[in-house]
Enquirer: 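Quick one: structure below, then a few questions.
All values below were derived from every heavy atom in this structure, side-chain atoms included, with hydrogens, water molecules and symmetry-related copies excluded.
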Amino acid sequence: MKEELILVIDFGGQYNQLVARRVRECNVYCEIYSYKTDIEKIKAMNPKGIILTGGPNSCYEDGAPTYSRELFELGVPVLGLCYGAQLMQHVLGGKVERATVREYGKTEVFVNADTALMAGVGQASSDIPMPEISMEGHKDNKNHTTCWMSHFDYISKLAPGFISVAHTADCPVAAAMNKEENLYGIQFHPEVLHTPEGTKMLFNFVRNICGCAGTWRMDSFVENTVKEIREKVGDGKVLLALSGGVDSSVLAALLAKAIGKQLTCVFVDHGLLRKNEGDEVEAIFGPKGSFDINFIRVNAQERYYAKLAGVEEPERKRKIIGEEFIRVFEEEAKKIGSVDFLAQGTIYPDVVESGLGGESAVIKSHHNVGGLPDFVDFKDIVEPLRNLFKDEVRQAGLELGLPEFLVYRQPFPGPGLGIRIIGEVTGEKVKIVQDADYIYREEVDKALKAYKEEHGVDAPWMPNQYFAALSNMRSVGVMGDERTYDYAVVVRAVRTIDFMTAESAEIPFSVLQTVMSRIINEVRGVNRVFYDLTSKPPGTIEME
């Protein structure tokens, strides 16, 4: 089934993926493309609507990202966001200039006129739109909402056919439209959570203005993808490196539903997983699980510890862990023999960040099984999740019957506990951090559950990621009237939207006290517990 398509044209802004995610949340399929994408390719994709993202430049500068007038003459609705709104005016005959006052952060936006885009936003009325632009605006207008602004430039003159439909105290055109041509522009960012009614505006655009039916749902995605996998694979064999993380687990469940025993999953337990995680993966996908697949578990703990002995430098540890995985996987592949397809848990952010989807700078190169050797003999790659965002992958997992504890598992780095142990990795240290981490997560989960039962809502301090790590510090302590010289455990919890920036979560002190007491009493080799308050930046979420 061909989905209705909204195109997100990326001009180099930082929120391109967030825009696309918000559109998907309206049950409308969308994809991100660079502003360098040829107009003929855009026509061929037959989009129902187009959204132009923000960008770091001024649209009137030489060499600034731009697009031809033809984009606005395709006969489909176009919505420009921030830079996209300014570019629309610049290309179509308006004027954009440097503002005397920069608007940044939460700003009151006053709605001048009802439009399909602003329907239900604030208390929109049918006031007469401002035909003339004045920097003073109408500050007594009570039809307003809060939006997130971030711009140096402003639209000083509207292109022919446009009217201003919203303004701020300092920005005469916070939103504009040419209803006849189905062109809309908003100066603020509706995609961020700081714009409370932003999702409503995007919904109005894609569902009401573009007329999308909202058929992009995970139940239909699973059903259609299963058919596509069967058609592609036929009676061929598929090999998957199963890490036990969300992406590879959902991929395994999807392939299992599509091709069953034609799938072989190799799960390499490197001894750097969270407590009980290896057994949990085997319980779900192994012989006693509910998926009828070939499952191979390789217990390579001691092999990894031997390779990591004496190694303290973080990048060296990462490299050893990655290279050893390839060696182990290669050995298992030799035993299996030739396979027809290699499955990878690539998801849409991987595609975009690798420079294949949008225009934003390449953040990192992705290859989920990390440079597998040429020896692994396959004729094609299967990547059925490559068009999904993480939240959609989780939804697909639930559709496939995976347990919630796995689907909503916290992010976990590829090198595992190897980068949550400062300094040399040993079996003893792994056990310390596994036990401490288990206690910490158990107590935080218990407190979150109690808060929700009492208040009916999630706790305001609810973290997006929380874990324990092991410092390389040993210090003197007293336990049972005896002197100790043991390790310090660090517990961390952060709140974040996109994991690019993060703030320390305010875990209640009573919870931290319980965690400290349990770890020191129950985990041998620990006599201190620290709470990491560092934000990102300047720190990172992980320890190394």
Side-chain angles (χ1 to χ4, degrees), residues 244-246 271-281 283 394 403-413 416-422 428-475 477-480 484 486-496 499 502-536 539-544:
V246 176
L272 302 169
L273 298 171
R274 288 168 285 204
K275 187 173 183 176
N276 302 331
E277 202 161 77
D279 293 339
E280 289 170 359
V281 172
R394 295 187 197 280
E404 284 196 12
F405 79 82
L406 192 157
V407 169
Y408 290 106
R409 184 168 274 164
Q410 292 183 51
F412 192 60
L417 300 180
I419 57 171
R420 291 184 182 173
I421 295 171
I422 308 301
E428 177 198 10
K429 288 183 178 180
V430 170
K431 187 172 189 325
I432 289 173
V433 78
Q434 281 179 333
D435 291 343
D437 179 70
Y438 187 85
I439 289 168
Y440 179 45
R441 288 186 291 116
E442 185 177 59
E443 290 298 331
V444 170
D445 290 345
K446 192 188 301 181
L448 288 169
K449 183 179 178 183
Y451 188 97
K452 188 158 190 176
E453 287 175 352
E454 181 180 350
H455 301 280
V457 294
D458 290 329
W461 50 267
M462 185 169 99
N464 300 98
Q465 189 172 350
Y466 44 108
F467 59 88
L470 185 63
S471 76
N472 203 24
M473 187 190 95
R474 300 184 76 178
S475 63
V478 179
M479 295 179 72
T484 61
D486 288 330
Y487 287 105
V489 160
V490 179
V491 293
R492 182 144 170 75
V494 297
R495 287 178 58 80
T496 179
F499 290 87
E503 294 292 334
S504 176
E506 296 184 33
I507 306 294
F509 191 70
S510 58
V511 177
L512 293 176
Q513 285 281 77
T514 302
V515 169
M516 176 274 298
S517 179
R518 282 195 61 191
I519 289 176
I520 289 175
N521 282 288
E522 297 175 34
V523 182
R524 188 178 180 85
V526 178
N527 65 3
R528 288 180 190 269
V529 176
F530 297 151
Y531 187 63
D532 185 353
L533 290 169
T534 316
S535 61
K536 176 187 179 181
T540 56
I541 293 176
E542 295 293 342
M543 297 299 289
E544 288 190 336

Enquirer: Mind checking side chain to side chain donor-acceptor pair (under 3.5 Å) for Glu542 and listing every partner two or more places apart, or none if nothing turns up?
Expert: Arg420, Gln465
Enquirer: Show the nearest heavy-atom pair for residues Leu533 and Ser504, with the distance to one decimal.
Expert: O-CB, 3.4 Å
Enquirer: May I ask you to test the Leu272-Phe412 pair for a side-chain heavy-atom distance under 4.5 Å?
Expert: no
Enquirer: Can you tell me how far the CG atom of Leu273 sits from the CD atom of Gln434, to the nearest 0.5 Å?
Expert: 7.5 Å
Enquirer: Does Arg441 have any salt bridge (Lys or Arg N to Asp or Glu O under 4.0 Å) partners at least two apart in sequence or in another chain, and if so, which?
Expert: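 Here the qualifying residues are Asp437.
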Enquirer: Measure the spacing between OH of Tyr438 and CD of Glu443 and express it to the nearest 0.5 Å.
Expert: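 Nearest 0.5 Å value for the OH-CD distance: 11.0 Å.
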Enquirer: Side chain to side chain contact (heavy atoms under 4.5 Å, CB included) for Arg528 and Thr484? Distances and angles first, verdict last.
Expert: CA-CA 11 Å; Arg528 288 180 190 269; Thr484 61; over 6 Å; no
Enquirer: Step by step, work out the side chain to side chain contact (heavy atoms under 4.5 Å, CB included) result for Val489 and Val523.
Expert: CA-CA 10 Å; Val489 160; Val523 182; 5.9 Å; no
Enquirer: Do Glu503 and Val494 pass the side chain to side chain contact (heavy atoms under 4.5 Å, CB included) test, and can you show the C-alpha distance, the side-chain angles, and the key distance before you say yes or no?
Expert: CA-CA 5 Å; Glu503 294 292 334; Val494 297; over 6 Å; no
Enquirer: For Gln410, does the CD atom sit with more than 12 other heavy atoms under 6.0 Å from it, leaving out its own atoms?
Expert: yes
Enquirer: In Å and rounded to the nearest 0.5 Å, what is the CD1 to CG distance from Ile439 to Asn521?
Expert: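 Answer rounded to 0.5 Å: 9.0 Å.
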Enquirer: Rounded at 0.5 Å granularity, tell me how far OH in Tyr487 sits from CD1 in Ile432.
Expert: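 Between atom OH of Tyr487 and atom CD1 of Ile432 there are 6.5 Å.
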Enquirer: Around atom NZ of Lys431, are there more than 12 heavy atoms from other residues, nucleotides or ligands closer than 6.0 Å?
Expert: no
Enquirer: Quick one: does Val246's side chain get under 4.5 Å of Tyr408's, heavy atoms only?
Expert: no
Enquirer: Lys275: which residues meet the side chain to side chain donor-acceptor pair (under 3.5 Å) condition with it, sequence neighbours left out?
Expert: Asp435
Enquirer: From Leu512 CG over to Ile519 CD1, what is the distance, rounded to the nearest 0.5 angstrom?
Expert: 9.5 Å
Enquirer: Whether the side chain of Arg492 engages the backbone of Phe467 through a donor-acceptor N/O pair (distance < 3.5 Å, no angle test) should be reported.
Expert: no
Enquirer: Quick one: do Asp532 and Phe530 satisfy side chain to side chain contact (heavy atoms under 4.5 Å, CB included)? Show the steps, please.
Expert: CA-CA 6 Å; Asp532 185 353; Phe530 297 151; over 6 Å; no
Enquirer: With sequence neighbours excluded, tell me which residues meet side-chain contact (heavy atoms from CB on, under 4.5 Å) with Glu280.
Expert: Asn276, Glu277, Phe405, Arg409
Enquirer: What is the minimum heavy-atom distance between Val430 and Gly271, and which atoms define it?
Expert: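 Between these two residues, the closest heavy atoms are CG1-O, 3.3 Å.
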Enquirer: At their closest point, which heavy atom of Val433 faces which heavy atom of Ala469, and how far apart are they?
Expert: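 For Val433 versus Ala469, the nearest heavy atoms are CG2-CA, 3.7 Å.
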Enquirer: Give, for atom CZ of Arg394 and atom CG of Leu406, the distance between the pair rounded to the nearest 0.5 Å.
Expert: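 Reported to 0.5 Å precision, the distance equals 9.5 Å.
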Enquirer: Checking Thr540 now: which residues fulfil side chain to side chain donor-acceptor pair (under 3.5 Å) with it, not counting sequence neighbours?
Expert: none
Enquirer: Of all the heavy-atom pairs spanning Tyr451 and Val457, show the shortest one and how long it is.
Expert: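 Shortest heavy-atom contact: CD2-O, 3.5 Å.
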Enquirer: Report the residues that fulfil salt bridge (Lys or Arg N to Asp or Glu O under 4.0 Å) with Glu442, sequence neighbours left out, ordered by chain and then residue number.
Expert: Arg518
